[in-house]
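Quick one: the structure is below, and I'll ask about it shortly.
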Amino acid sequence: MYAGPGVKTSKDFPIPDKMKAWVLGNPGELKLTEKPVPVPKRAEVLVRIDAVAICATDLEIIDHGPPASIQGGKPFNKNFTPGHEYMGTVVALGPGVDEYKIGQRITVEIHAGCGQCKRCREGMYTSCHNYGLNYGDVDKGHRANGFTTDGGFCEYQVNNINTLVAIPDAMSDEEATLVVTAGTAMYGLTELGGLVAGESVVVTGPGPIGLLGVAVAKALGAQPVILTGTRDNRLKIGKELGADYVINVRNEDAVEAVKRLNGGKGVDYVVECSGAPNAVNEAVRMVNRGGKVCLAAFPHAETPVDVAHIVRNNIYLYGIRGEGKSATHRAEAFMSQKRFDATKIHTHTFALDDLPTAIRYAKDRVDDAIKVVVKARGVSAHRVAAE
Ligand SMILES: [Zn+2]
Ligand SMILES: [Zn+2]
C-alpha cells in the first residue's frame, strides 16, 4: 500500500504503488516502463499528472542531453523521466504540508532551488548555485523536474510546494500546462524592468515563449508590441494574442521594419525568443539608445556579437533562465482573468502511451503543431486528437 512517514493521503484519491513512466535510454530513445510512485518529503506533495506539454527543451534533452543534468552528467541510461510542463491534482501531502489540499488542481513551475544559496535567497531560484546537486553526499535538495530530477512524462510526480501554482476550475488541463511558458515570458519582462506600460516591445521568434511573450507584454500595457518571425500561420496567432504589428523576416528586413513601425528610433525593449544565429546583433539594432534586450532562447552555436555597437549605445543585455521570481504566479493571474487566451497555441493532444507520436508532431511541426499536450487519462491511445 502506498504510504510514507508523515504522508497524508485520501480515500477519494487512491494511489497505486506503481505507475507508467517513460524513461530516456540512449540519445533519442524513450521507453515506456514502470516505476514506483514517488513519496513526498517535507515541503513536498505528490501530484497526479493530468496533462503535460512538450517543450522544445524536452526535444533537446532527449536528443542531446543538456540542459538536463542527472547525477552531475548527461541524462542517458539513468532511468530518467523527462518532461517539465505539467499540471495535475494534489493527491498526497508530505509531512507538515498545509498550504495545499488533496484534490486541489495545480500547475507547476520547474525549478525548486536549494533555498539556501545566494540566488535562491534573492528569488532567482532558476539560477540556483546548487543546480543539479541533489544526489549522494552533495545533496542540496535542488529539484528541477525534467532537468535534474524525474519529470512529467509519467503518471505521478513529487513537487516542492514552492513550485505549485493553484489554478481555477474554469482553466482547462491543456491551458494550465501553458502557465509556465507564459511565466517564462513574464520573467523576461520582469527582468527588463517590468513597467512596460506604454513602452514599445519587439518579440523575435513566434515559438511558444515568443507568442505568449506578446500576450504578456500586451497585458502589461506595452504599446506597440511587434512580433517578428518566418511563419505566417504563427504570426497570425501572434496578432490574435495582441501583437500590434507582425513582420515576416523572409519578406522584409526586420531591423528596418521595426524602426519604420516605431517612428525611426527603434523600440525600448526586445525579447529575443528565436535563438537565430544573428538574433543578438539584430536585437541590439532594433532597440533605441539605452534600450534593453532580454535573451530567452538557447542558440545552438556561439555567435560573434557587435560589442562596440552595444557599448556606444548603452544597450543592456539580459540572459534569463526559465521562470524565476514567482513570475509563473503573475502569469497565472493574467490567464485566470482571461487577459489573453493561451490556448491559441495548443494544437494537439495525445495519450501518454503515444508520447513518441506526440514528440514527432512537436519536432517536425506536423500539421502546424505548436504546443502538443499528452494526457494519461481521457484520451484514447493511437488516435490523433487535434483540437
Ligand atoms: Zn519548457
Ligand atoms: Zn539555490
Side-chain angles (χ1 to χ4, degrees), residues 24 43 49 51-69 75 81-87 107-135 138-153 157 159-160 162-163 165 174-188 205-213 216 271 273-275 295-298 320-328 331-332 342 345-347 355 358-359 362-363 369-374:
L24 185 56
I49 297 170
V52 49
I54 296 169
C55 172
T57 310
D58 292 320
L59 309 177
E60 288 287 313
I61 289 169
I62 291 164
D63 282 341
H64 308 290
S69 171
T81 298
H84 59 271
E85 297 183 356
Y86 58 91
M87 60 73 61
T107 190
V108 305
E109 48 183 280
I110 300 149
H111 298 81
C114 72
Q116 64 197 47
C117 76
K118 176 178 180 172
R119 294 297 175 229
C120 281
R121 298 281 293 162
E122 293 171 339
M124 292 176 68
Y125 42 85
T126 63
S127 311
C128 176
H129 287 183
N130 290 316
Y131 185 88
L133 299 184
N134 59 341
Y135 57 95
V138 292
D139 189 354
K140 301 285 185 185
H142 174 273
R143 286 187 76 96
N145 285 0
F147 288 84
T148 67
T149 42
D150 270 352
F153 293 142
Q157 201 47 267
N159 270 80
N160 190 291
N162 290 338
T163 65
V165 183
E174 286 80 355
E175 183 175 10
T177 65
L178 304 171
V179 170
V180 72
T181 307
T184 302
M186 179 70 85
Y187 183 44
I209 295 175
L211 287 169
L212 294 187
V216 171
V271 183
C273 302
S274 76
L295 306 174
F298 293 110
I320 62 146
R321 172 69 192 271
E323 69 306 347
K325 294 193 179 164
S326 300
T328 303
E332 189 281 332
I345 71 168
H346 165 240
T347 53
L355 181 65
I359 285 176
K363 192 187 222 163
I370 304 178
K371 268 295 184 197
V372 180
V373 169
V374 171

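Note that the structure is a prediction, hence the values are computed from the model and not measured. All values below were derived from every heavy atom in this structure, side-chain atoms included, with hydrogens, water molecules and symmetry-related copies excluded. For ligands, and for the atoms within them, numbers begin at 1 and follow the listed sequence.
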For Glu323 and Ile110, indicate whether the former's side chain and the latter's backbone hold a donor-acceptor pair under 3.5 Å.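 Confirmed, Glu323 side chain pairs with Ile110 backbone.
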
So, Glu122 and Lys325, do they make that salt bridge, N to O below 4.0 Å? no

Consider side chain to side chain donor-acceptor pair (under 3.5 Å). Of His142, Arg321, His111, which one does Tyr131 pass it with?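 Testing each of His142, Arg321, His111 against Tyr131, the sole residue satisfying side chain to side chain donor-acceptor pair (under 3.5 Å) is Arg321.
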
Do the side chains of Arg143 and Gln157 get nearer than 4.5 Å, heavy atoms only? yes

Going by the side chain to side chain contact (heavy atoms under 4.5 Å, CB included) test, name the single residue among Val180, Thr181, Val179 that passes it with Leu212. Thr181

So which protein N/O/S atoms does the Zn ion (ligand 2) have within less than 2.8 Å? Cys114 SG, Cys117 SG, Cys120 SG, Cys128 SG

No-hydrogen, no-angle side-chain donor-acceptor test under 3.5 Å, Asn145 and Tyr86: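 The criterion, which ignores hydrogens and geometry beyond distance, is satisfied for Tyr86 and Asn145.
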
So, Tyr125 and Glu109: side-chain donor and acceptor under 3.5 Å apart, yes or no? yes

Given the rule in the salt bridge (Lys or Arg N to Asp or Glu O under 4.0 Å) test, do Glu85 and Lys371 qualify, once you have shown the distances and angles that lead to the verdict? CA-CA 11 Å; Glu85 297 183 356; Lys371 268 295 184 197; 2.6 Å; yes

Would you check if Pro208 and Leu178 make a side-chain contact, meaning some heavy-atom pair closer than 4.5 Å?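 They are not in contact (no side-chain heavy atoms under 4.5 Å apart), so the answer is no.
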
Around the Zn ion (ligand 1), list the protein N/O/S atoms within a radius below 2.8 Å, excluding water molecules. Cys55 SG, His84 NE2, Glu85 OE2

